[in-house]
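Both ligands and their constituent atoms are indexed starting at 1 by order of listing.
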Amino acid sequence: MKHLIDIMDLSVSEIDEILELAGEIIASPEDFSDVCRKKKLATLFFEPSTRTRLSFESAMLSLGGNVLGFSEAQSSSAAKGESVSDTIRVVSCYCDIIAMRHPKEGAPLVAAMKSSVPIINAGDGGHNHPTQTLTDLLTIKRELGRFSGLTVGLCGDLKFGRTVHSLISALSRYENVKFVLISPEELKLPEFNRKEVLERGGIAYSEVTSLEDAMPELDVLYMTRVQKERFFNEADYLRLRDSYILTPEKMALAKENMRVLHPLPRVNEISVAVDEDPRAAYFRQVLNGKFVRMALIMKLLSLGEKERAQK
Ligand code: CP
């Protein structure tokens, strides 16, 4: 049995297989509409979500399966003090696969140790968000056709932004990817990512504060929200929340073929006037998230080989 807790749980060739399968699903979704018949996905969300939970549920329904779960800790027995371990031992009796979001870093790893079915980390605190990374990779692949040789700017809250941490780990495994880390001093990339991934891997990166100066060299700009829920002090959040706002004027500094990604939700960091720019890929990215999660569910449940062989 395989779980997905960290994007590094998948080899590069496994990632490539998932992206390829997602591409096949996009090309002909009806071929996969019955692959998960009689299978059940449980979505256990101890923290708010719109995209991740609903895209997982939509993915399973589109594969012909069923879904159950909860969307907030307060409506589960966690509110009565039940541990993650006990919750998972119970829920894994009711389903075939679990997608779980939790505010505590490491909670999905604890869950995987107790589960009798595959666990997917749907975001743990400020740590990791591997299925968002699969979404991001599919989007870059569909928009630009490659990963190697790209200069990727990551802008905003690089400290608490779990999607940034997972994406850097994933892209660092492709050739000649260069990172430009754009953040205020207080929201710089944490040491565990900078030292363990970038420095240990000999990956080219720079840390800057000016988005305008970075724009002309970027192939991808990955904007992020300042993560209000991870701040201890509201005054710090209010001071930092509008550090970067992407506007049409800043887009004018970028390459013609550059792409803007954002895991969403957006608060104020991308002006709505940018949405109509063809380089704004963040709503196309949302749709990719459903297809890549369909592919991931199939892979973790080892389903769909027959349907693919018949094509
Ligand atoms: N990108 C993302 O994780 O969005 P949600 O918090 O809405 O799931």
Subject >> Listed partners of Asp6 passing side chain to side chain donor-acceptor pair (under 3.5 Å), at least two apart >> reply: Asn128
**OP:** Would you indicate whether Lys159, at its atom NZ, is surrounded by more than 12 heavy atoms from other residues, nucleotides or ligands within a distance under 6.0 Å?
**Re:** no
**OP:** May I ask you to check whether over 12 heavy atoms, not counting those of Glu175, lie within 6.0 Å of atom CD?
**Re:** no
**OP:** Identify, with sequence neighbours excluded, every residue that meets salt bridge (charged side-chain N to carboxylate O under 4.0 Å, His left out) alongside Arg53.
**Re:** Glu57
Subject >> Within 45° cone and under 6.0 Å: Arg101 NZ/CZ vs Phe45 ring >> reply: no
Original post:
Which residues pass the salt bridge (charged side-chain N to carboxylate O under 4.0 Å, His left out) test with Asp219, sequence neighbours left out?
Top reply: Lys255
Short N or O contacts of ligand 1 with protein, under 3.5 Å, listed by atom name?
from: ligand 1; atom 1: 1 (N); to: Gln132; atom 2: OE1; distance (Å): 3.0
from: ligand 1; atom 1: 1 (N); to: Pro263; atom 2: O; distance (Å): 2.8
from: ligand 1; atom 1: 1 (N); to: Leu264; atom 2: O; distance (Å): 3.0
from: ligand 1; atom 1: 3 (O); to: Thr52; atom 2: OG1; distance (Å): 2.9
from: ligand 1; atom 1: 3 (O); to: Arg101; atom 2: NH2; distance (Å): 3.0
from: ligand 1; atom 1: 3 (O); to: His129; atom 2: NE2; distance (Å): 2.9
from: ligand 1; atom 1: 4 (O); to: Arg51; atom 2: NE; distance (Å): 3.0
from: ligand 1; atom 1: 4 (O); to: Leu264; atom 2: O; distance (Å): 3.3
from: ligand 1; atom 1: 6 (O); to: Arg101; atom 2: NH1; distance (Å): 2.9
from: ligand 1; atom 1: 7 (O); to: Thr50; atom 2: N; distance (Å): 2.8
from: ligand 1; atom 1: 7 (O); to: Arg51; atom 2: N; distance (Å): 3.0
from: ligand 1; atom 1: 7 (O); to: Arg51; atom 2: NE; distance (Å): 3.2
from: ligand 1; atom 1: 7 (O); to: Arg51; atom 2: NH2; distance (Å): 2.9
from: ligand 1; atom 1: 8 (O); to: Ser49; atom 2: OG; distance (Å): 2.6
from: ligand 1; atom 1: 8 (O); to: Thr52; atom 2: N; distance (Å): 2.9
from: ligand 1; atom 1: 8 (O); to: Thr52; atom 2: OG1; distance (Å): 2.6
from: ligand 1; atom 1: 8 (O); to: Arg101; atom 2: NH1; distance (Å): 3.4
from: ligand 1; atom 1: 8 (O); to: Arg101; atom 2: NH2; distance (Å): 3.3

